[in-house]
Amino acid sequence: MQARGLLLLAAVAWGTAAAADDAVPGTRAEEWTRLRREKAARAAPPRPGFLERTLLAVEKAERPSLLDLNVAGVYPRGQNIASGSETGFGVRLWRPDLGSSPLDLHASAFHSIRGYEFYDLQFGRLAHRGLRFPVRSTKGDDVYELGDLARLDAGHLSLYGSVRYRHFPQTAFYGLGGDSRPGDRTNFLHQDALYEVVAGYQARRRGVAAFLRAGVLQAFVGPGTHELTPTVRSVFDDASAPGLERQPDFLHLTASVLADGRDRPFNPHRGGILALAATRFDERGGDEFTFHRIAGDARGYATLGSPQRVLAVRALASADRPASGARVPFYLQETLGGNRTLRGFASYRFRGETLLLLQAEYRWEAWPALELALFADAGRAFGRGEDFSIRGLATDYGIGVRLKTHLDVLARCDVARSREGTRVLFSLGPSF
Amino acid sequence: MKIPGAILSGILLAAAALAATPGARFRPDDPLRADPDRLPIAKPEEVDLSNVYDVLENTFRHRPKGRVPEAMNVNTLGEVPDSSWFTNRIGARAMTVEEIARGVTTVGPPDVTQTLTVIASKSGGITPGFTMRDARGSVYFVKFDPAAHPMLSTAADVIGSRFFHAFGYHVPQNDVAYIRREQLRIDPRATVTVGGGRKRPMTEADLDRNLARAARLADGRIRIVASLRLAGAPLGPFQYRGTRADDANDVFPHEHRRELRGLRVFAAWLNHDDSRSLNTQDMFVDGEGGGYVRHHLIDFSSSLGSGSNAEREIAPQNPRGGNEYVIELAPMLRTLFSLGLWERPWRTVPYPAYPGVGRIEADFFQPHAWRPEYPNPAFERMQDADAFWAAAIAHEFSDEAVRAAVATGELGDAESERYLADTLIRRRDETVAYYFALVNPLAGFAVEGGALRFRNLGEESRLGRASGYDIEWSEFDNATGRHLPLGSSVAVAVAAPVSVPVPDQPAPYLAARIRTRSAAYPAWARPVTVYLRRSSGWEVVGIDRAP
């Protein structure tokens, strides 16, 4: 029975085969092998496209990234020099740990398309981490910038000499005090040179640092070059703009302390920072413009039930106290306005001897690299004779978008509205 | 007259071969058990892959559009034949617990009783490490845990290799070992890469700097994972899409390979969210008559509860890992437009504190919702049949096997080991339960003693009980694909394993269309058609799970 069935099966198979196509029936293995033989005839090495090749080269460091391009430690860079300068181009020289010593050399030279210039040089033991550029204060005596200094390893001592020259030919000036009018906008050339010695210490206790700066400041005020606004002398005089007629040299001494408890200094979600600075400007050869300044900047950050929601608040205050009978030069008075203070107002919009700024932001991360923020700013610069009050502050509000890494805010765009209109601000780095 | 079995088989195979037309459903050698993809070829060029480009391309360019075809490299049983990509192990044969725990066995772990020679610094990846040669001349890639997270990544790398080896993938031999700094000497030819891609000789200071980041035991020893250098010449990673242009054996687009699609199931189970091209390695190896390309999965250090933090350092798995792509629009927009009030659900998942285990859990885990770091073209094209194939393999892992594989990570803490093994067992159960519910989970078809037997994997995994099976027999015409029904449907009472007599028909092919009755799982009623071919007896030649 079994044999008969099988023979029948074989016969059926033969019959089917005879009726089939003339093509040689194949096995599965033959079919798959045939595919391979066909491919072998056209096999060719893979050729990645331009973008893939370029990204790969950067990742594998066969070619340094654009940011690492340098010749003997000289790095080309593009950046803003000051508010209103527009993009500046220049170079930074960075030679850390010279000859395996703890000494570093940093210098930079920038020129912007509006004719702004910035040159500086530091030599000594600079505040830096690893081979990264030192984060140096471009204003030196400004409490605003203390929080921007790189957090260093505990026990780090910095001690260096610094020379800086600035040429800002279109610095805006609207008059002093909170009642200055936008229609009074003028511009002037602000030129200064600063020679100083800086000592700093990062305490073993995390985030606590102290700095001492001492040096000579030479300043010059001249006619501005902005074509659409009048130069300062056409609207103001030495009475309304102290120091307009004469700009003496100053000896300056600044002591500052910083307690930084932010979880990530440049993309904070929790913690806070407190910076305090006391500065004395002593006029060389006179006392008409001698004054001292006390300033404080406090910032706090808290997550609202989730790390993706952050409430950030800031209070900044600065008070200049001239010596008896002295005045504070207008060009050294603190300012409000622009992308880090009163965002609904133009840069340098308010100047005064006393300054108060309150800021709050509700930030939410749609994605680790994308953050949005609703913000409100309030502040006022009080001129001489104005009573300090939290009433009558200039206010603005707005919304911002920020591109970030986990560690840093790379760029942001804030749209701010105030009584003086709506401003769209593009900037690098965090707001505060 | 009795015809000897061997002669009979030969006659029948020849008959079947002759009967097979080019359009025939079944070929004489079906079901193919080994893919002839190891034909000798010229050695392909070594390639490298841009991490950023891979993320961008797979996120924005290679997402599935339209109908996704069935996997292309499967045999007529829906199985993956042995190939340069895959060797059937636990899915095809019984593996002992010891065999699973042993993993790849070639020359064994490094000989750490003698001097170890550092021959290269490590390039790529986020784990610190180097390449070393032991006194026997075997070369190992060495990685270690950061000081802040001892055992975390080394355990994951070793445990992962045991699982993926048992699944059937080609993986390196990974072992935990313990070394001392004094044992290491630097080969004079060893170099390190510095800024701009420049290389210079490696110094003792370089090695010290490298080791300064390593976690050390109380006695000063450094725990390492030693990954034996793969045999052959490296050719770079493979991609989860397309084929390699200079490998003639590589004819099935990778996104349509069942073992790469099904890898998603395994990766989800083991939380291997770093299952991307950069963690694969092609090697040009010797074969019969010449070399061919063998494809490997490497580096499981970012699996289980191990991952990396925002600073790209080894750390407990980012809670996003396995839950959201690195770039995913929908949650981004929801958060954006809700002013941040909508919270990603995975953010609130609690994890127990087992430092050597990191972040892995089984309560929030959903196998189908799991995601790798960024879209994987093969994973995204996984069909129910691919998932069932993989889930059936996962199902073969006993609790004991899972515990034995976890033990190879030498977590050194019974509580941590128990938590990790329990979590993986639960994740396995959730995985098989999910995928077995989507299809008719019948498998293990065989004809024994004139009866068709099969297993119900859904029942075996305690998903639920079948109330019965409906079986329709037909004669199958292999040339035309037509079915000639043989009587009406046969209802089979529940029994495990189910055994159904094969009709006594002289036909060369029979087909049994089987539906499983289950009120709880409607998908079990989807028919599975099993094809039998007459040889010396009946053999199962095909399985069709198409709806």
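Just so it is clear: chains get the letters A, B, ... in the order the sequence lines come, proteins before strands, and each one is counted from 1. The shown structure was predicted, so the numbers you read here are calculated from the model rather than taken from an experiment.
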Check: Is any side-chain heavy atom of B/T335 closer than 4.5 Å to a side-chain heavy atom of A/W367?
Finding: no

Margin query: Quick one, A/W364 and B/L341 - any side-chain contact, counting heavy atoms below 4.5 Å?
Written below: no

Margin query: Can you tell me which of A/E365, A/R37, A/R28 forms the most heavy-atom pairs within a distance under 4.5 Å of chain B?
Written below: A/R28

Checklist line | Atom group of A/L370 that falls short of 4.5 Å from chain B, counting heavy atoms | finding: side chain

Note to self: Please tell me whether A/E52 and B/S50 have a donor and an acceptor in their side chains that are separated by less than 3.5 angstrom.
What the structure shows: no

Notebook entry, point to check: Among A/A369, A/A40, A/P45, A/A44, who wins on heavy-atom pairs under 4.5 Å with chain B?
Noted result: A/A44

Next item on the list: Check whether B/I41 gets within reach of chain A through its side chain, its backbone, both or neither, counting any heavy atom under 4.5 Å.
Entry: neither

Item checked: Structural part of B/E343 lying under 4.5 Å from a heavy atom of chain A -> both

Margin query: Ignoring hydrogens, what is the shortest heavy-atom contact between B/P28 and A/G26? Give both atom names and the distance.
Written below: CD-O, 3.8 Å

Checklist line | Engaged part of B/L339 at the chain A interface, taking heavy atoms whose separation is under 4.5 Å | finding: both

Notebook entry, point to check: Which one of A/H406, A/E31, A/E371, A/Q308 has the most heavy-atom pairs closer than 4.5 Å to chain B?
Noted result: A/Q308

Next item on the list: Answer with side chain, backbone, both or neither: which region of B/P31 has an atom nearer than 4.5 Å to a non-hydrogen atom of chain A?
Entry: neither

Checklist line | Which portion of B/T76 sits near chain A, non-hydrogen atoms under 4.5 angstrom | finding: side chain

